[in-house]
Amino acid sequence: MAEPRLRHGAEARLRRSRGRDPLGLRRVMSDRLLPALVAAMALLAALAIAGARGAADLTSRWEGGAATAMTVQLPSAAATDGRLTRALATLAAMPEVAEARAMDQARLRALLRPWLGEAPAVPLPTIIELRLEELPRDPAALADRIATAVPGGAVEAHGVWVARLVALARSLQAVALAALLLVAGIATAVVAVAVRAGIAARREAITILHDLGATDTDIAGRFAARAALLVGLGGLAGTLVAAPVLAGFADLAAPLVGGQPGVDLLALPWGKLPWLELALLPCLAAGLGWLTAQATVRRWLRRLP
Amino acid sequence: MVRFAGVGLRYANAARPVGGLAGDRPGAGEPAALHDVSFTLPQGSFHWLLGPSGAGKSSVLRLMQLSLRPTSGSVEVLGADLSRIRRRDLPALRRRIGTVWQDFRLLPHLPVQDNVALPLRIAGRAEGQIRADVAEMLRWAGLESKAGQLPATLSGGEQQRAALARAVVMRPALLLADEPTGNLDTVQARRVLALLHEMHRLGTTVVVATHAEALVEAYPAPALWLERGRLVSHG
Ligand SMILES: Nc1ncnc2c1ncn2[C@@H]1O[C@H](COP(=O)(O)OP(=O)(O)OP(=O)(O)O)[C@@H](O)[C@H]1O
Ligand SMILES: [Mg+2]
């Protein structure tokens, strides 16, 4: 009793759905290849976004350290016996040095508080921070020369390395951005190819619709809606796959940016993911698919009178 | 009203009615399909369009249907001058023209009822209204029992009537039929002709291209006679 009615219902639904898809785009722009390709590209895009974001985090965290390329450490007595003044003058006279400044004792105490406590029993050393004109090619040689110029001074050059890491992180950001643009370009090309294949397969149907009075807006809109749906779904799938991978990376990077590595999946630093960018990714992908399909179809339709 | 004044048509491949192949260039050298064709069809008239194969009947209908622009001369359809109208104003005009093409041009992947509903859907009519109109049209064309079938499963005569139902479902002001009785036996042919005449009676301007002289004798009406792209008699 129930079955024929059910079958009838399904048939009616099928007919209705076909009526809304007069170009048969569900068949010629299928839900397999295009979303799969877009998913793969969305995954790459998500990795690029996260890479750029991670590099940006590292940069901003390290930049403070990089500004002070070198430090010279003198015994605490140097502040009072004139050695500090002499050292500052000597250092400022060196061509490589842009600025030599004694670190404020209060700031030093604050920096060391985690290790030495509120009222350090040991006398704090005197620290001179150096900003350099440019990053030295050979930091060790410069450190040696400074050590010779400032007797009794211990030279620390780790800031040079931090500055190099910052430069590296900056170029990583640029590379990630380039990768993002490249992925967007390839996605556009893939959508255009898929849409052109759809046009080729439905060329007769398109011209019939055109001759029956369909506008370019109507025809292009049908392709664009289909493309946006497929690309949006692909983008969503790719982003969802990317999320745990990114969380894993964020976990590995946690100690570098001042966090703790997680112990299990839920403890992964999910909150650290660039969620806004990730959420935008499928939307942007869908928009890209829509625009590409619109442009491709309208361009083709211009050949019809 | 339809007015042709000194119309010439030369098919360049780029201007083919069904989009040219990729890489086609507007080709010179092809012979003109129409030369200096002039006539006027008053609103609400019925005309035969006669002539041997290749004379240019389908070409004249394509021009009237606004799916081609003339190479020379001027075409005026439903009060719009084709040489002056903007491209984006053409769709609205096309919706007032019903066409039965020589090769039907039913969409093969749509059931008959959706093929008939197509002009209404394109015009953005409400789905409830569409269902009623399509049901009425299918009844008029004697195709109620074939509503859910694909065109390929219909006989030639049934496809012809489905094409006719699609052409008239919008109550067009101008109805064009190209060889609407080709491949049909006499009974089927007369049935289609009767439907066309009924549209004429309801006030539609009708133009029917055909070879079938028996039909023309059965339904005497003014005729345009084409030969090798020229209009040789009118009236
Ligand atoms: N798409 C086209 N491209 C190039 N030439 C065409 C095209 N369609 C028609 N022609 C040419 O234009 C001329 C007129 O063709 P048309 O189809 O108008 O003739 P017809 O009178 O409808 O013929 P039939 O009775 O066989 O249908 C013919 O010489 C034909 O070869
Ligand atoms: Mg013909």
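Sequence lines set the chain letters: A, B, ... in the order given, protein chains first and strands last, and positions in each chain run from 1.
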Colleague: For Arg87(B), does the CZ atom sit with more than 12 other heavy atoms under 6.0 Å from it, leaving out its own atoms?
Modeller: yes
Colleague: Does any backbone or side-chain atom of Arg196(A) lie under 4.5 Å from a heavy atom of chain B? Answer side chain, backbone, both or neither.
Modeller: neither
Colleague: Contact part of Arg202(A) toward chain B, heavy-atom cut-off under 4.5 Å: side chain, backbone, both or neither?
Modeller: side chain
Colleague: What part of Ile206(A) gets closer than 4.5 Å to chain B, counting heavy atoms only: side chain, backbone, both or neither?
Modeller: neither
Colleague: Please report the interatomic distance CG(Asp89(B)) to OG1(Thr215(A)), rounded to the nearest 0.5 Å.
Modeller: 12.0 Å
Colleague: Can you list the steps and then say if Ile208(A) with Arg166(B) is a side-chain contact (heavy atoms from CB on, under 4.5 Å)?
Modeller: CA-CA 12 Å; Ile208(A) 291 172; Arg166(B) 185 180 67 183; 3.9 Å; yes
Colleague: Which heavy atom of Arg105(B) sits nearest a heavy atom of Asp211(A), and at what distance?
Modeller: NH1-OD2, 2.7 Å
Colleague: Say you draw a straight line from CD1 of Ile122(B) to CG of Leu212(A); how long is it, rounded to the nearest 0.5 Å?
Modeller: 4.5 Å
Colleague: Considering all heavy atoms of both residues, which atom of Pro91(B) and which atom of Gly213(A) are nearest to each other, and what is their separation?
Modeller: CB-O, 3.4 Å
Colleague: Indicate the atoms forming the closest heavy-atom contact of Arg94(B) with Pro305(A), along with that distance.
Modeller: NH2-O, 2.9 Å
Colleague: Would you say Thr217(A) and Arg88(B) are linked by a side-chain donor-acceptor pair, where the criterion is simply a distance under 3.5 Å?
Modeller: no
Colleague: Which atoms of Arg96(B) are under 4.5 Å from chain A, going by heavy atoms: the side chain, the backbone, both sets, or neither?
Modeller: neither
